[in-house]
Amino acid sequence: NAGVTQTPKFRVLKTGQSMTLLCAQDMNHEYMYWYRQDPGMGLRLIHYSVGEGTTAKGEVPDGYNVSRLKKQNFLLGLESAAPSQTSVYFCASSGTGYGYTFGSGTRLTVV
Amino acid sequence: AQSVTQPDIHITVSEGASLELRCNYSYGATPYLFWYVQSPGQGLQLLLKYFSGDTLVQGIKGFEAEFKRSQSSFNLRKPSVHWSDAAEYFCAVENQAGTALIFGKGTTLSVSS
């Protein structure tokens, strides 16, 4: 039982490049989330999804897009990466019983 | 807007001493509260959570937290700290819509020998 799996774990991008971060969960959770973590800022919500085919904006959505075509997957896209998007990205999922499970993170550097 | 405040950015505790990490939240109704721990370069591990009932919650690794509605607090405690407890600790509250967690900025714990 893998829980929440994020790929890739590390990535270096040049400014203006695009990429997609993949999050997969095998717990049949309805809700999925993307957070970013920056030093001294805690975790801030980028986007979230309350079910297959739905997405919604969180606290810091600018510069990111998401898709939830399948219940188990939640994709985070950067269309034109900027240095300000250098961060550690965490995916999470939650279901009944209010349990939130986090992935191990993706460390992204934009140069 | 809902928020979580962790007043202490960095705390140093001697090994074997007791620990209390502070957390205050802003929320109108009964909150769902969480404490997570993050070791360097790792993901987040749930220590404990409070939904309702007994205001003293027991968690993993010997941690406990007490919900005090009158003070809007959910402080994390441990009676005797071990060197392996050195990490960053995050307090979080579920938002009113029940759709996401709102995190505090974290407290870094250092343990001295």
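Hydrogens, waters and symmetry mates play no part in the numbers below; they use all other heavy atoms, side chains included. Order of the sequence lines sets the chain letters (A, B, ...), proteins ahead of strands, with each chain counted from 1.
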**Request:** Pick one of side chain, backbone, both or neither for B:Gln45, based on which atoms fall under 4.5 Å of a heavy atom in chain A.
**Result:** neither

**Item:** Over 12 non-hydrogen atoms of neighbours within 6.0 angstrom of CD in A:Glu79
**Value:** no

**Asked** Under a 4.5 Å heavy-atom cutoff, which of A:Gly40, A:Ala92, A:Gly42 has the most pairs with chain B?
**Response** A:Gly42

**Asked** Are side-chain heavy atoms of B:Phe90 and A:Gln37 found at a separation under 4.5 Å?
**Response** yes

**Request:** Could you tell me which non-hydrogen atom of A:Tyr31 sits nearest to which non-hydrogen atom of B:Thr99, and how far apart they are?
**Result:** CE2-CA, 3.9 Å

**Prompt:** Out of B:Leu101, B:Asn95, B:Leu44, which one racks up the most heavy-atom pairs below 4.5 Å with chain A?
**Reply:** B:Leu101

**Asked** Same cluster or not: are A:Val4 and A:Ile46 linked, directly or through other Ile, Leu, Val, Met, Phe, Trp or Tyr residues, by side-chain heavy atoms under 4.5 angstrom apart?
**Response** no

**Item:** A:Tyr35, A:Phe90, A:Tyr100, A:Phe102 screened by ring-ring contact (aromatic ring centres under 6.0 Å, His included) with B:Tyr36, the one that passes
**Value:** A:Phe102

**Message:** When you group the ILVMFWY residues by side-chain heavy-atom contacts below 4.5 Å and let the links chain together, are A:Leu69 and A:Trp34 in the same group?
**Reply:** no

**Prompt:** Which bit of B:Ile9 is near chain A, if near means a heavy-atom gap under 4.5 Å: side chain, backbone, both or neither?
**Reply:** neither

**Message:** If you count heavy atoms of other groups shown closer than 6.0 angstrom to NZ of B:Lys105, is the number above 12?
**Reply:** no

**Item:** Heavy-atom proximity to chain A below 4.5 Å, by part of B:Gln6
**Value:** neither

**Prompt:** With a 4.5 angstrom heavy-atom cut-off, which part of A:Leu45 approaches chain B: side chain, backbone, both or neither?
**Reply:** side chain

**Prompt:** If you count heavy-atom pairs under 4.5 Å with chain A, which of B:Gly41, B:Gly43, B:Gly106 comes out on top?
**Reply:** B:Gly43

**Message:** Under 4.5 Å between side-chain heavy atoms, counting indirect links through other Ile/Leu/Val/Met/Phe/Trp/Tyr residues: same cluster for A:Leu75 and A:Leu108 or not?
**Reply:** no

**Request:** Could you tell me whether A:Arg107 atom CZ has more than 12 heavy atoms of other residues or ligands within 6.0 Å of it?
**Result:** no

**Asked** Are B:Val13 and B:Trp35 connected in a single hydrophobic cluster, I mean Ile/Leu/Val/Met/Phe/Trp/Tyr linked by side-chain heavy atoms less than 4.5 Å apart?
**Response** yes

